[in-house]
Amino acid sequence: MANLIELNKVSKIYGTQVQTKVLHEIDLEIEEGSFNGIIGASGSGKSTLLNIIGTLDQPTSGIIKINNIETHLMRNKALAKLRNETIGFVFQFHYLLPEFTALENVLMPYYIKGKKIDKHMNERAQELLELVGLTKVMNNLAGNMSGGQQQRTAIARALINNPKLILADEPTGNLDSETTEQVYELLREIHRDYKTTFVIITHDRRIAEKTDRIIEIKDGRIFSDFSKI
Amino acid sequence: MKLSFRIALRFLFSSKGQTLLILLGIAIGISVQIFIGSLIQGLQSSLLDATIGSSPHITIKAVEKNEPLNHPETIINTVKKDEQLVALSSSITTGAFLRVDDRTEQILVRGFNYSDANKIYKFNDKLIEGQLPLQENDIIIGKALAESFKLKIGDEVDIQSVNGHIIKGNITGLFDLKVAAINESWVLSSIDFSRQISDYSADQISEIEMQVIEPFDADLIAIELSKLINQNEISTVDWKTENQQLLSGLNGQSTSSLMIQVFVVISVVLAIASVLAISVMQKSRQLGILKAMGINDTMASYIFLSQGFILGVIGAILGILFGLGLLYSFTTFALNPDGTPVVPILINPGFILLSGVIAMSASTLASLIPALKSKKLSPMEVIKNG
């Protein structure tokens, strides 16, 4: 399989007067259609790495290629389009728009794409909500839903544009163990059905062990990289 | 653009209290602007009407004082070609004496053709008793003059010309032109009566008076007319040249009204800009999420521009309604003892529409600052700070 993501000597330094180097010349390749876990202690730089891969943050030095395109050469508008069409995000704090219903939140990336919502698209959004088990609450405002429901809505939202890549930062960080299990099963199912590439951050080793490749980050460097396949 | 508008609408609906407060701010600002504007316009127009509504805007007469205009027909034919003209009256005005018993008083006899002169002077409305002169020797006199000489309708009086000959006049009516000096000295007659007193020949008159559609252009029209007439011995006089003080007063009033309106609009703009700027802060989390999902900077700024526009449109409509309500209550409840409004108010639909358009553009403009601010917001700030 070809590489979907390539990182070449990527470093990130925060601060101008007091400089903190969070990532140290990271080289990493992620294959298309793979299911990857990133683990590491809090403050190890794993979230920064994920945000840089997702083009939400810029590296201080180094090159990132997504789909063989160097992202630092892209303008803001092109980056926004890339995020919208190629990447789906699932954050720890779900980040839904509380003013919109679950269904509208799921459809939002599609709206942003500038497409009209037809019957087919509406059905697809409902299918995704069914997949995450939220058919009953799909017309509730996101602000009125429980944490687990919001997280599952965020997953459905990440899938609506059929992205090649899903980046998830502690997607189950706020959920109980039973729901955590359900969410992972769901992500696995999606990976199986849609061949979507996953990069999931977790601090939970048990969860990480369910992925096909575990990348461990320590003090801003790749400490270990272990592939089961 | 459509999505930005939809998001803007949803944001506004989700914080109803805040939205209502901004709307109220815009509406009150605009209603005050409409109210003050209409009040000043009403004041000006009533003042203008009182000053020049019943008097000539342009007068054509001989350059030399007390000299007649010869062959007025040629001049009248030339003047009548002007499209601005609404009324034209020729008259003979001459000084004379009123003699009753052994008392003599200096008067001014003004002879008119009343069907023409009424269009300018509205004598019908000024007549407090009797009727306008119908016969050659009929005259009407001012209220004060009648009181001073104890004269009444039906009395016959002697009018003596400066040359000494006496003509008898029958009083058929009393007028009140609301100016003491005129009420004390004017005697209005037919044009033939004043011709006899002035000794003018059949093709001589004293002056041609006229009103024009746009009184404020009277000075320009007067210049144009004198060019058209092209005679050295006649002069054209306009009301503006003769009422400089009134004009500067009116100008001062317009300027101060404009200043008030400008400051009201500025305060409305500042209020909207500050509230929308706060709303960017409030919605920064949502903006960050939208940006992470791929909304571009232009779309993000459109959200706030749309908010400004929506607030402007609704605020303008509310403001116009409030303004009209304010005007209505002012004209209904603030009345003189005779039932007329204390201040006559002019409702000018064009001005009200303009105020509405100003409100809309001002609030869209005010949303420019938060729109630019939202452009700069990075999704990382939201993700890092939760």
Side-chain angles (χ1 to χ4, degrees), chain A residues 12 14 22 47-48 50-52 54-58 74-101 104-117 141-143 150 154 157-158 160-161 163 167 169-170 173-174, chain B residues 1-20 22 276 278-304 306-307 310-311 370-386:
Chain A
K12 179 73 185 176
Y14 282 120
V22 187
S47 288
T48 306
L50 195 82
N51 290 332
I52 286 178
T55 75
L56 296 174
D57 206 354
Q58 312 290 328
M74 297 168 84
R75 287 174 177 276
N76 274 351
K77 208 168 178 170
L79 282 177
K81 193 169 153 65
L82 176 84
R83 282 200 292 272
N84 178 246
E85 292 175 2
T86 315
I87 309 171
F89 290 95
V90 183
F91 299 104
Q92 185 177 359
F93 299 105
H94 28 78
Y95 296 124
L96 297 182
L97 299 173
E99 295 87 356
F100 291 82
T101 65
E104 286 169 329
N105 265 289
V106 171
L107 283 166
M108 195 52 78
Y110 194 74
Y111 283 128
I112 293 173
K113 212 169 162 183
K115 304 279 176 169
K116 236 190 161 145
I117 306 294
L141 282 181
Q150 289 194 34
R157 181 182 65 185
I160 189 81
N161 279 349
L167 300 174
D169 190 353
E170 304 268 14
N174 285 329
Chain B
M1 187 110 176
K2 207 173 151 191
L3 176 68
S4 303
F5 190 82
R6 225 182 119 183
I7 295 173
L9 213 59
R10 197 62 72 91
F11 279 179
L12 288 176
F13 262 109
S14 70
S15 36
K16 289 193 185 72
Q18 190 175 316
T19 306
L20 272 178
I22 312 178
L276 283 181
I278 293 167
S279 126
V280 174
M281 308 289 282
Q282 287 174 334
K283 301 291 179 196
S284 59
R285 185 185 158 95
Q286 281 88 329
L287 271 179
I289 301 166
L290 285 164
K291 283 194 172 183
M293 281 194 286
I295 206 168
N296 60 44
D297 294 345
T298 317
M299 278 168 92
S301 49
Y302 273 145
I303 296 177
F304 289 91
S306 306
Q307 282 199 22
I310 296 167
L311 289 170
L372 290 174
K373 212 172 159 181
S374 75
K375 219 171 167 171
K376 286 187 193 146
L377 187 104
S378 145
M380 270 315 291
E381 286 171 36
V382 183
I383 290 156
K384 261 201 266 171
N385 303 327

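Just so it is clear, the values below take in all heavy atoms, side chains as well, and ignore hydrogens, waters and symmetry mates. Owing to the predicted nature of the structure, the values given are computational and were not obtained by experimental measurement. Protein chains get the first letters and strands the later ones, always in sequence-line order, with residue 1 at the start of each.
With chain B as the partner, the residue from A:Asn76, A:Asn51, A:Leu79 showing the most heavy-atom pairs under 4.5 Å is A:Asn51.
Smallest separation of non-hydrogen atoms from A:Ala158 and A:Pro163: O-CG, 3.0 Å.
With sequence neighbours excluded, the residues satisfying salt bridge (Lys or Arg N to Asp or Glu O under 4.0 Å) with A:Asp57 are A:Lys12. Under the salt bridge (Lys or Arg N to Asp or Glu O under 4.0 Å) criterion, A:Glu99 pairs with B:Lys283, sequence neighbours left out. Residues forming a ring-ring contact (aromatic ring centres under 6.0 Å, His included) with B:Tyr302 (at least two apart in sequence, or on another chain): none.
Both the backbone and the side chain of A:Tyr111 come within less than 4.5 Å of a heavy atom in chain B. In this structure, no portion of A:Glu85 lies under 4.5 Å from any heavy atom of chain B.
Here the CE-CG distance, from A:Met74 to A:Leu82, works out to 4.5 Å after rounding to the nearest 0.5 Å.
Checking side-chain atoms of A:Arg83 against main-chain N and O of B:Lys291 turns up a donor-acceptor pair under 3.5 Å. Between the A:Asn84 side chain and the A:Pro109 main chain, a donor and an acceptor come within less than 3.5 Å of each other.
Within residues 292-299 of chain B, the residues having any heavy atom less than 4.5 Å from a heavy atom of chain A are, in residue-number order, B:Ala292, B:Met293, B:Gly294, B:Ile295, B:Asn296, B:Asp297, B:Met299.
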